[in-house]
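Worksheet: one structure, shown below.
All values derive from a computational prediction rather than experimental measurement. Every chain is numbered from 1 and lettered A, B, ... according to where its sequence line falls, protein lines coming before strand lines.
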There are 2 protein chains.
Amino acid sequence: MKRITIYDVAKEADVSLATVSRVINGSEVVREDTRVKVQEAIEKLGYKPNAIAQGLALQKTTTIALIVPEASYFYTGQIINGLIDVAKIYKYNLMLHTTTEGITEMNDIIENIIKSRVDGVVIFNDKLNKEELNQLTKYQVPIVVIGNKMSDETVGSVYVDYSSLVYDYAMDCIAKGKKRLALIEDRKNPAMIKQLRDGLSRAYKENGMEFDGYIEIPKEYRSSYLFLKEYVKDGVPYDVVITYRDSQAMAVMNTVKEAGMNIPDDVELVCILDSKYNSMARPQISGFKIPDYDLGAVAMRLLTKMLTDENDVPDKEIELSYIFTPRKSTK
Amino acid sequence: MKRITIYDVAKEADVSLATVSRVINGSEVVREDTRVKVQEAIEKLGYKPNAIAQGLALQKTTTIALIVPEASYFYTGQIINGLIDVAKIYKYNLMLHTTTEGITEMNDIIENIIKSRVDGVVIFNDKLNKEELNQLTKYQVPIVVIGNKMSDETVGSVYVDYSSLVYDYAMDCIAKGKKRLALIEDRKNPAMIKQLRDGLSRAYKENGMEFDGYIEIPKEYRSSYLFLKEYVKDGVPYDVVITYRDSQAMAVMNTVKEAGMNIPDDVELVCILDSKYNSMARPQISGFKIPDYDLGAVAMRLLTKMLTDENDVPDKEIELSYIFTPRKSTK
DNA sequence: TTGAAAGCGCTAACAC
DNA sequence: GTGTTAGCGCTTTCAA
C-alpha cells in the first residue's frame, strides 16, 4: 500500500492541499460541502496525517520524554500510569527512556532527547545530577522532576517530603516513649535513605539526642535477608524498625519471626513505601500510603501547564502529602 | 537560545550543508581537515541534528511503539527492561502506549501509532484483537506480539506456552497420584487463565478424567482473599492449588493458614508467574520462572531483524521456555 | 472560502 | 571531496 499523503487527498477531493490541511486541523473557514468532500476523500484513501511532517512544520512534536530508572517499575508503575492518563488527555505521546543502575548514560539519554525535539521532559530519578539537568535547560526544554524538590525558570517539581514524613513519625514515637528507632539501609535507593536519615536526625536532635539507629548492610551480604538473619538472632535492640521498601520490611519480618521474636510485641515494623504486599504479610505491615499515581498525574499536568502558559506558571514546586496506614506490625 | 540548524553550522564552518550532513552521518568521503572544521563548528554552536527533520527526509523515525496494558508494570517491568536494553543497542527509541482495563481505546492508540510513523510496534496485551492488528498490518507496520502465538507476513511473536506448561505439570502431578488440581480464576488475566484451563483439561482428558477444579471468584467478592477466606474454611478438597499471580498465591496461603491448615501437608500451592515475593512468603511458594526479560529482549531483537531484513525473517514465531522452581509449598 | 508558495531541517542524488 | 538542488509531508501567510 503506497504511502498516501495530503497531496493524494487533495487530488482526490479536487481541492488544494491547503484546504485539506484546514480540514484535518478543524479550521472554521472551510465551506461545509468542501469539508465533506475532503472528509470523504480522506476516508476513501485511508489517509492519516504524518505526525513527523506536522512536527517539522509546527516545530512541536506533542511528545514528551520520560526518564525513569530501569527496573524500578515496581514502585514506578503507578506513577507512570498517572503520567500516561494525563498525557492522553492532552494528546501527548510518551517517549520512554531508562537509566541503568550505576552506568551513567544519562548524557546519552539527554543527547537523544534533545535530538528528538520533544516538547518537554519528566524525570523520575533517585540520583539526579544537577549538571545533567542544565544540559536540558540550556536547550530550553521544559522539565518536571518527580521526587526531588527543585525548580527554576524551566524546571518544576512534584514530590513527597520524606524527610519530614519520618521526622513527624519519629517525633511521635519519641513522644510515646519509643526512643530507639532503626532505619535499614537500602542500596537501591541511597538518595531516599539520605532523606530519611536527615529526618530522623532532625527529630532526635530536637529531643536532645542523636540518631544512631542506621543499620548498614555490609557489602559481603547479597541480600538484606541474609544479613538480617545474622543481625537479628540475638534480639533487636530497637523499638521500631523502619524500612523503605516492602521487600525489606518482609525481610525484617521473616528474620525476626525466625529468631523467635514477635512483631509488634518485641519490635515494631514500619515500611515507608506502602504496597499491597504489606497487607499480605502476616502480621500485616504498617506503611505510608504515598500518592504515587498523583505524583505522575500532577507532574504531567504541571508540565502541560508549563508548555501552554509558557513562562509564567506560578507554583512550580508542588508537594504532595501521605497517609500513615497503621496495620498489625505497629502498636 | 536560538534553535541552531545545519545551516548555521555550515555557515560557521564555511562549507555547504551537504558537507555538514556528511559529517554528522559519518560519511567516508569527507576530507579530514574539513571534517574537523565541521566538528568544531558543531561543538561551538552546540548543534544537535533534528531527528524530526531526519525522520521526514529518511522516511524512518527509528522509534518503535510499545503497547502494554496499563497498571501491569508489576509483571511487565522485566519485559520492558528487556525491550529497552535491546532497543538501546539498535538505537531505537520507545514510544509508550497503554491500554486501559476494559476501555478499548485500542483504536485510538493504533490511529496514533500510524500517525506517528513509527518503524515498528511491539504489543504486549492479554486480550489481543485480531482485527485491530489488521489495522496496523494494513499500513505495513512490522509488529511483534509478546505472549500470543501468532504470525503472518508482517507480524512475529514471542511467547511462553502456558498451556503446555500446566499440561506438563498436571501430567506429572497425576502420575504421582495427585489427581485433584484446582485453578483459581484471575479476573485480571482472563486470556491467560483460559490457556491454563485448556492445558489442564488436556492433561485430565489424556488420563481419562475431566478437569473440574476451576474455582471462580463470585462477582460479589472484592478480592480473592475475601472469597477464599470463606471458601477454604471447611477444608480444601484439592491436592494442589494453582494460581497465576503471586498475590493470589499469597491469598491462598494466608486463608489456608488462617483456616488452621498446613501448606504443603494439607494442600500444595503453586504460582505460575514466579516473583520475588513468592520466596518471601512463609512457606516459600513454588513457581515457574518465566523468562520475562528475555521475552522483551527477544521480541525487540526479532523486530529489528524484521526491520532490517525486510521481508524474509524465517522464524517469526519464537517460543521461550520456563523453569519450575520448587520451594516449600509443594512436596 | 480557497489556492499558491514559502518554509520547517535534513538527506541524497547529481554535478562539478 | 564538495556544492546544488530537489524532495520528505505538512502548516501558514498572503493573494485572489
Quick one, E32(A) with R35(A), criterion salt bridge (charged side-chain N to carboxylate O under 4.0 Å, His left out). Give me CA distance, side-chain angles, the key distance, then yes/no.
CA-CA 5 Å; E32(A) 182 60 14; R35(A) 204 188 58 70; 3.2 Å; yes
Candidates V144(A), I143(A), D119(A) - the one meeting side-chain contact (heavy atoms from CB on, under 4.5 Å) with M306(A):
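Among the candidates, only V144(A) passes.
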What's the separation between atom CG in L45(B) and atom CD in E40(B), rounded to the nearest 0.5 Å?
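Result: 11.5 Å between the selected atoms.
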Inter-residue atom distance T304(A).OG1 - I89(A).CD1, 0.5 Å rounding
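The OG1 atom of T304(A) sits 9.0 Å away from the CD1 atom of I89(A).
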Counting neighbours of NZ on K48(A) that are heavy atoms of other residues, nucleotides or ligands and sit closer than 6.0 Å, is the number greater than 12?
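Yes, the 6.0 Å shell around NZ holds more than 12 heavy atoms from other groups.
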Distance-only donor-acceptor check, side chains E153(A) and T137(A), under 3.5 Å
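Not at all, the side chains of E153(A) and T137(A) share no donor-acceptor pair under 3.5 Å.
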Checking side-chain polar atoms at under 3.5 Å, does E131(B) have a donor or acceptor matched by the opposite partner on N134(B)?
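Distance-only check fails for E131(B) and N134(B).
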Going 5' to 3' along DNA chain C, between which two nucleotides do contacts with chain A fall, using a heavy-atom cut-off of 4.0 Å?
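Listed 5' to 3', the contact boundaries are dT1(C) to dG9(C).
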Evaluate the criterion side chain to side chain contact (heavy atoms under 4.5 Å, CB included) for residue pair R301(A) and Y90(A); output intermediate values, then yes/no.
CA-CA 9 Å; R301(A) 194 115 44 191; Y90(A) 294 94; 3.8 Å; yes
Any sub-3.5 Å donor-acceptor pair from D294(B)'s side-chain atoms to A297(B)'s backbone N or O?
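No; zero donor-acceptor contacts below 3.5 Å.
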Using a 4.0 Å cut-off on heavy atoms, which residues in residues 26-35 of chain A reach DNA chain D? List them by number, or say none.
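The answer is none.
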Determine, stepwise, if the pair R3(B) / Q59(A) fulfils side chain to side chain contact (heavy atoms under 4.5 Å, CB included).
CA-CA 10 Å; R3(B) 208 186 325 277; Q59(A) 304 276 50; 3.7 Å; yes
Given protein heavy atoms under 4.0 Å, the one-letter contact record of nucleotides 9-16 of chain D, with B base, S sugar-phosphate only and - none, is simply BBBBB---
